[in-house]
Protein chains: 2
Amino acid sequence: MKKAPTIRDVAAAAGVSVSVVSRVLNPDSGPVAPAKREQVLNVISELGYRPRAAARELSAGHALTVGLVVTDLANPFFAQLADRVVWEARSHGVQVVVMTTQEDPHLEAESLDTLLDRSVGGVIATPTGGNVEKWDRLRDLGVHVVFVDRAIAELSDVDVVSIENSDSARRATDHLIALGHERIALITGPASTSTGRSRIGGYRAALESASLSLDPMLVRDVPFRGDGGGDAVGSLLASPDAPTGLIVANTAQVQSSVRRLVQMGVRIPDDLSVIVFDDNPWTELTSPPLSVIRQPIGMLAVHSLELVLGRMQGRLPAGARTIEVKADFVPRSSCVAPVGLVASKSVTG
Amino acid sequence: MKKAPTIRDVAAAAGVSVSVVSRVLNPDSGPVAPAKREQVLNVISELGYRPRAAARELSAGHALTVGLVVTDLANPFFAQLADRVVWEARSHGVQVVVMTTQEDPHLEAESLDTLLDRSVGGVIATPTGGNVEKWDRLRDLGVHVVFVDRAIAELSDVDVVSIENSDSARRATDHLIALGHERIALITGPASTSTGRSRIGGYRAALESASLSLDPMLVRDVPFRGDGGGDAVGSLLASPDAPTGLIVANTAQVQSSVRRLVQMGVRIPDDLSVIVFDDNPWTELTSPPLSVIRQPIGMLAVHSLELVLGRMQGRLPAGARTIEVKADFVPRSSCVAPVGLVASKSVTG
DNA sequence: TTACCGAGTGGAACCGGTTCCACTTTTGTA
DNA sequence: TACAAAAGTGGAACCGGTTCCACTCGGTAA
């Protein structure tokens, strides 16, 4: 087991001082005679020298690293987000430390502490909603934070990148209304989250435009974790006044919801028209392929990273920025006009 | 923007030397009087002091970090693997830096250099197959490497964690043979990879046991990237002598393959019995639900991390270890006996 | 000729931990 | 009571970079 060469080894081998080597390593940090620069570069490649990140961080006070804090990578939405963030980060020479929270504020707090220890330059996170003081402290210590997908009301001065939640929910609802549906159920995220509220807002707005009344029984805000989606499906369809249309706007609950529909033998779209948020690859492999709201995950990743790196390099004006990207509605075969005029029938389990 | 307290701030506030604080931070590194320990701990929590990771790494020479190098996180297999690795790592106080290679040895090489700069203690990787010298150099520099899912023939002295590839392929093939299939196609990974070879081996063994001949036309080893799975499906089914059974043993190509089957209107299992490797959550949402080989991803993650941490802490005997975990065959509804006795019929596109 | 400027260079302090070592205080044992 | 061993403590070097500063040159303007 060899020992990797250090900057002093390079300096010695090149017959110069460490200062010169450092200046070669960091152009713009001072002048170096062209001849010596050449010479140093030669020695560097000869020795296979690579500067130790830890040393640089220690003296710089912060690392060329960003933290990515998401619920879990098993969720395809976050997996794809992480994939793009990692990919984009690489092209900027930045590394990504991934942490998961399982939607647990306690684990989230732990993650933030860890990232602080690592002196990360920035954090891209889907916040659980808690830890308001902790986020504040993090920012106070100079860590640049960008929230993606969700925001926290108490932290209004944080950059946020998300999709147009309200508009997306509205378009999905409009689509079902246009087909003639009047009883449209919505399974969404907790009303305590910005995402949940916005999507309910869009849903409500669509109903109002169509002069349809909003039946609170049809709106289910369920947690991101657990099997709330499936349970909501069960309870919605068990009702004598069951909906003819369903929008699953909680990306974490789509699989659970669809699984329950399949288990219950619900025929889509004959028994129920369905639209789900987030275009997981499998949504077109089900039968019928599902109509979806496609979140431009790549855009979310690119903008988040752009923001966080921009802040780290101080090339962004002060003041929080909010970026909302448009989501596409992708119609497939899971929606048709409701059967009969009166939207009421039972579904056999 | 405040400045975080350092160990010297703590020492000063507690009226002791930095040595004492350091010993409190690292038990077993020396004695501390109980009273002073208490006192230091109080000051630490009062000040909210947290040791800077960079400083520790610099003096230790290596970081409490492991690198995870996979193809891409958009692949559910790797996403779940990463999820579990991150989760397990946290419980050991270790952070995970994720890098993706897109199956490109050049990008892989870059990732390894980066991880070297970061002085990671270990690397868990699904190697592309290239960069033999680079992996050697990494190990030579004291970085502990564990390959997961795949191995590299030239690097026989590296720890490997994988599933029983040969056995898994054999069981899938046996299942179809038992149903009466005689023309069974196999879509697998490149024959240049350990995984690809093992799975072909298991397939061949099953056929031999049943005294069936192996038709080379039915074995398609396709790259992990691209749309090779779909293309293979198309070409297999276009043959006048099309198979009645199909095993997709290239996890990266399952989606592509199934998508093509759906597009071609192939009726499963009537036209074709199908078994795919890897139990993605959506495999039971298709109609019919697909029979799968379920890879115990959690086990792969746990063992990989266990190995790499064990090496880092020097509590594992020398000598490469190979761990093979059993994969389950999960029968669902995508396999039936072939129609007719002579296995030959065309499928309409 | 002298004064001054900028390019080029090396020495040394610094970042914030860990660790070795010398030193003082207890404690234990003969 | 005497003396060795162990417990407890602080000083300072060290890890490998960055950066400030002082210094030496050559060239140019006064």
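Chain letters run A, B, ... following the sequence lines, proteins first and then strands; every chain starts at 1. Because only heavy atoms are used, hydrogens play no part in the values below, and waters and symmetry mates are left out as well, while side chains stay in.
Between A:R84 and A:E88, at least one side-chain N (NZ, or NE/NH1/NH2) sits under 4.0 Å from a carboxylate O, which counts as a salt bridge. Under the 4.0 Å criterion applied to side-chain N and carboxylate O atoms, B:K134 and B:E110 are not assigned as salt-bridge partners. With respect to B:R315 and B:E306, a salt bridge is recorded, a charged nitrogen being found less than 4.0 Å from a carboxylate O. Contact check on B:D159 versus B:R311 returns a salt bridge, with a Lys/Arg side-chain nitrogen under 4.0 Å from an Asp/Glu carboxylate oxygen.
Contacts of A:P51 with the nucleic acid, taken as non-hydrogen atoms under 4.0 Å apart, involve only primed sugar atoms and P, OP1 or OP2. Contact annotation for A:T6: backbone-only contact, meaning every heavy-atom pair under 4.0 Å involves sugar-phosphate atoms and none involves a base.
The nearest whole Å value for the distance from the CG atom in B:D28 to the P atom in D:dA7 is 13 Å.
Here D:dA7 is the nucleotide among C:dA12, D:dA7, C:dT18 with the atom lying nearest to any side-chain atom of B:P31. Which of D:dC15, C:dG11, D:dT18 sits closest to the side chain of A:S19 comes down to C:dG11.
Within the structure, a side-chain polar atom (N or O) of B:S22 is placed less than 4.0 Å from OP1 or OP2 of C:dT18. A:R8 has no side-chain polar atom (N or O) that falls below the 4.0 Å cut-off from OP1 or OP2 of D:dG16. OP1 or OP2 of C:dT9 has at least one side-chain nitrogen or oxygen of A:K36 nearer than 4.0 Å. Within the structure, every side-chain polar atom (N or O) of B:S59 is placed at least 4.0 Å from both OP1 and OP2 of D:dC15.
Sequence order on DNA chain C of the closest nucleotides to B:R23 and B:A55 puts B:A55 first from the 5' end.
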